[in-house]
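Working notes, structure below.
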2 protein chains.
Amino acid sequence: MERVPTIDTPPSRTRRAARPTQEPARPVRPPTVDTVAERAGVSRQTVSNVLNAPERVLPATRQRVQAVIDELGYRPNRLGSALQSRVTRTFGYRCHLSEDEENLLLDRFLHDLCRAAAARNHYIVLVSPPTADDELSIYHDMYRTGSVDGFVLSGTFPGDARLGTLRGWGVPVVSFGRDWDHPDAGGWVDIDGATGIAEAVEHFWSRGHRAIAWLGGASGGAGEDRRSGYRSATRTHGLAPVEIECAHSIEAAAEAAGHALDGPQPPTAFVCATDVLAVGCARAAAARHLDIGGDVGIIGFDDTRLALATSPPLSSIRQPTEHVAELLIDALIGAVAGTPPPSAMLAPRLVHRGSS
Amino acid sequence: MERVPTIDTPPSRTRRAARPTQEPARPVRPPTVDTVAERAGVSRQTVSNVLNAPERVLPATRQRVQAVIDELGYRPNRLGSALQSRVTRTFGYRCHLSEDEENLLLDRFLHDLCRAAAARNHYIVLVSPPTADDELSIYHDMYRTGSVDGFVLSGTFPGDARLGTLRGWGVPVVSFGRDWDHPDAGGWVDIDGATGIAEAVEHFWSRGHRAIAWLGGASGGAGEDRRSGYRSATRTHGLAPVEIECAHSIEAAAEAAGHALDGPQPPTAFVCATDVLAVGCARAAAARHLDIGGDVGIIGFDDTRLALATSPPLSSIRQPTEHVAELLIDALIGAVAGTPPPSAMLAPRLVHRGSS
DNA sequence: CTGAAAGCGCTTACAG
DNA sequence: CTGAAAGCGCTTACAG
């Protein structure tokens with residue numbers, strides 16, 4: 001049994017802090033259920049019950065056991081617990097693959113996800129597949145090795161096979177981004193981009209703008225969704241839609257917007273599918289010595305740090321990522337427990353700054 | 001034994017994908033060491049040996065066992081393995097606490113860390129303490145519950161107690177950022193900011209600038225380190241140092257830089273402690289209709305996405321975060337195995353863009 | 001309400 | 001080189 005009493009033991013798992021003097025650190029084990037049980041004079045599973053089903057334990061017993069737990073600073077080993085209960089309280093999330101894919105919105109989302117998980121006593125473990133093609137097989141592997149209980153996906157797109165494949169395998173999964181091919185399915189949270197963009201057009205209209213252009217380039221469903229908001233809003237006001245498309249980069253946007261500004265009927269306002277494009281648009285305007293916010297209005301999408309870097313800072317449509325993260329974690333916890341996860345469409349919010 | 005043969009089993013852990021027809025999914029367990037052992041006609045630990053110490057197994061046996069492993073698609077359960085071997089192959093990393101703390105450099109570092117870990121068959125689990133004061137106790141808890149083997153810290157500062165405390169507890173830990181109070185200690189990787197900044201001053205000098213200002217505001221050791229590079233470089237060239245200090249925000253930097261530009265001896269070049277400050281500087285210059293890169297030079301630090309958002313984009317001093325991450329993960333893996341982790345000081349690189 | 005037993009899946013000494 | 005045993009720390013039915 002050789003069990004060392006570990007009162008006021010430091011958090012050591014295999015070795016302990018040397019005392020003030022420089023004695024060599026001795027490996028020592030933290031207390032286990034058995035340590036607690038022995039000391040409290042109860043059986044091992046009464047300790048487990050105190051922790052996991054306190055209502056089953058007589059108050060007096062519970063209190064006695066709890067006192068020992070506190071005294072020993074006992075914390076149940078996560079591995080032992082997970083192995084037996086088959087629940088790790090850990091979810092996997094894939095971060096972007098390369099710097100090219102860098103996405104400030106998703107970085108913010110990741111932090112929100114992490115906080116939401118922590119608040120619910122769960123962890124997020126990062127997944128980094130070598131290439132996009134490896135993603136599903138890595139999920140497969142992580143799930144079957146018992147490393148996680150499920151996954152949070154982001155950046156879904158039409159034709160995205162990930163949700164369907166994982167669900168087909170019985171793996172709990174939710175996504176930031178709707179299930180484009182099965183919008184009625186559960187388990188996703190997304191932002192109503194069309195409404196957000198329509199609001200931006202509305203804003204420019206109310207400020208007297210009549211040449212409001214769309215600057216798009218975000219591929220996939222989200223881009224289309226946002227663009228549809230532009231179309232419906234311009235239709236509402238009888239405006240002729242001017243849709244500018246370009247690759248999704250600051251440079252491409254600067255060139256495309258510049259081209260429009262140099263044309264015969266230059267737009268007085270740009271509604272952009274992302275902040276990246278909006279920054280490009282701002283660069284084109286600056287290069288032409290236009291007064292951003294005066295001569296030309298610009299509104300971006302995502303409200304990332306990028307929107308604060310231009311002069312003046314850019315108005316942008318903000319996605320409530322914190323709320324998204326909370327809903328998603330709740331849904332995923334539910335899914336692991338067997339409850340079909342709900343879906344939700346959230347409204348974005350136009351943040352006004354100098355550019356509009 | 002009721003063990004279901006699981007050839008061509010999908011990655012299910014508790015339930016399996018229904019066949020094409022809509023049969024209700026039946027819970028099924030993936031194969032274990034025992035499944036493999038039974039089928040290969042060997043004992044359980046020969047299977048384990050094939051996986052963990054193949055040199056101990058006769059080639060013929062090894063091959064036979066391996067064939068069964070492949071056939072069954074067997075993957076050892078991480079939990080069982082970790083519980084027994086006391087190694088989780090997982091490291092904890094704290095992401096920033098709030099949006100105010102948002103730091104694009106560290107977001108990039110996190111991704112590099114994640115990739116470096118994955119390449120070495122390890123995972124990164126995110127830690128999100130409610131407040132900064134909870135950080136150490138959460139590390140404590142994660143370590144002793146067997147959730148991780150160690151931690152990667154970032155953003156160390158003089159007086160930072162985290163490294164010392166964790167090491168005192170016997171917890172393996174490394175940091176992105178030197179151990180300011182014990183620079184000779186191992187386990188950190190940092191960037192030589194002083195040299196990077198000196199290079200920036202050098203660059204401006206060679207371009208004919210003689211009024212080169214320092215714009216600082218990053219608190220802590222890194223800010224001091226960088227500033228010392230400014231001081232030594234200006235001393236080398238007999239320039240009068242002009243040190244502007246402000247809070248670490250775009251607005252504060254814009255105001256401070258603007259004040260200098262409006263003064264009697266406006267700087268013709270700004271060397272900035274971070275991209276955030278450089279962006280503020282660019283804003284001040286733009287507001288005064290100065291030609292950035294012509295009338296006034298600006299160099300930032302960190303080479304974050306922010307540097308690309310201004311017009312023109314900003315030259316910036318890039319930290320080799322990918323290399324940092326690799327060194328750190330290697331050092332931490334070593335530390336877990338008992339090897340004292342080395343430290344390293346890496347050189348940054350000046351990335352030239354339109355602003356200088 | 002409490003306890004003795006079985007077992008989650010794995011690896012680590014130790015015999016043979 | 002291979003195997004029987006013990007055990008990592010925990011929880012889940014099941015008796016009492």
[X] side chain near [N] phosphate (N/O to OP1/OP2, under 4.0 Å):
| X | N | answer |
| --- | --- | --- |
| A:Ser81 | D:dT11 | yes |
| B:Ser48 | C:dT11 | yes |
| B:Thr46 | D:dG3 | yes |
| B:Arg86 | C:dT11 | no |

Which pair of non-hydrogen atoms, one from [X] and one from [Y], has the smallest distance, and what is that distance?
| X | Y | value |
| --- | --- | --- |
| A:Ala118 | B:Ser128 | CB-O, 3.8 Å |
| A:Pro172 | A:Ala335 | CB-CB, 4.2 Å |
| B:Arg120 | B:Ile333 | CB-CD1, 3.9 Å |
| A:Arg162 | A:Gly155 | NH2-O, 3.5 Å |

Nearest-Å distance for atom pair [atom1]/[atom2], residues [X] and [N]:
| X | N | atom1 | atom2 | answer |
| --- | --- | --- | --- | --- |
| B:Glu38 | D:dT2 | CD | P | 19 Å |
| A:Leu79 | D:dG9 | CG | C1' | 9 Å |
| B:Tyr74 | C:dC10 | OH | C1' | 7 Å |
| B:Arg78 | C:dC8 | CZ | C1' | 17 Å |
| B:Gln45 | C:dT12 | CD | P | 12 Å |

Notebook entry, point to check: With respect to B:Tyr93, which candidate in B:Phe109, B:Phe151, B:Phe176 satisfies the ring-ring contact (aromatic ring centres under 6.0 Å, His included) definition?
Noted result: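 Result for ring-ring contact (aromatic ring centres under 6.0 Å, His included) with B:Tyr93: B:Phe109.
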
Next item on the list: Convert the base pairs of DNA chain D into dot-bracket notation, remembering that pairs crossing earlier ones are written with [ ] and that bases paired across to another strand are shown as |; include only Watson-Crick or G-U pairs under 3.5 Å.
Entry: |||.||||||||.|||

Next item on the list: Remember a base hit wins even if backbone is also touched, and classify A:Arg44 as base, sugar-phosphate or nothing at under 4.0 Å, heavy atoms.
Entry: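 Here A:Arg44 touches the bases of the nucleic acid.
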
Note to self: Need one value for B:Asn52: base, sugar-phosphate or nothing, where a base atom within 4.0 Å counts as base even if backbone is also close, heavy atoms only.
What the structure shows: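 The answer is sugar-phosphate, as B:Asn52 gets under 4.0 Å only of primed atoms, P, OP1 or OP2.
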
Next item on the list: Would you confirm whether the ring centroid of A:Tyr123 sits within less than 6.0 angstrom of the ring centroid of B:Tyr123?
Entry: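 No - the distance between ring centres of B:Tyr123 and A:Tyr123 does not fall below the 6.0 Å cut-off.
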
Margin query: Return the CG to OG1 distance between A:Leu72 and A:Thr32, rounded to the nearest 0.5 Å.
Written below: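 Those atoms lie 9.5 Å apart.
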
Note to self: Please compare B:Asn49 and B:Gly80 by the position of their nearest nucleotide in DNA chain C and report the one closer to 5'.
What the structure shows: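 The residue mapped nearer the 5' terminus is B:Gly80.
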
Notebook entry, point to check: Under the side-chain hydrogen bond (donor to acceptor under 3.5 Å, both in side chains) criterion, do A:Gln66 and A:Asp70 qualify, and how do the steps go?
Noted result: CA-CA 6 Å; A:Gln66 189 61 54; A:Asp70 294 342; 3.1 Å; yes

Next item on the list: Could you check which residues of residues 54-68 of chain B get a heavy atom under 4.0 Å from DNA chain D? Sort them by number, please.
Entry: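 Within residues 54-68 of chain B, the residues near DNA chain D are B:Arg56, B:Val57, B:Leu58, B:Thr61.
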
Note to self: Nearest heavy atom decides the nucleotide; on that basis, is B:Leu83 or B:Val42 closer to the 5' end of DNA chain D?
What the structure shows: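 Result of the comparison: B:Val42.
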
Nucleotide nearest [X] when distance is taken to its side chain, options [options]:
| X | options | result |
| --- | --- | --- |
| A:Ser43 | C:dC10, C:dG3, D:dC10 | C:dG3 |
| A:Thr32 | C:dA5, C:dC10, D:dC10 | D:dC10 |
| A:Asn77 | D:dA5, D:dC10, C:dG3 | D:dC10 |

Notebook entry, point to check: Who pairs with A:Pro129 by side chain to side chain contact (heavy atoms under 4.5 Å, CB included), at least two apart in sequence or on another chain?
Noted result: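 Partners of A:Pro129 by the side chain to side chain contact (heavy atoms under 4.5 Å, CB included) criterion, ordered by chain and then number, come out as A:Arg94, A:Leu97, A:Val127, A:Asp134, A:Glu135, A:Ile138.
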
Next item on the list: Indicate, yes or no, whether a donor-acceptor pair under 3.5 Å links the base of D:dG7 to the side chain of B:Gln84.
Entry: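 Indeed there is one.
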
Next item on the list: Report yes if the side chains of A:His96 and A:Asp107 come closer than 4.5 Å at any heavy-atom pair, otherwise no.
Entry: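 Yes, their side chains come closer than 4.5 Å.
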
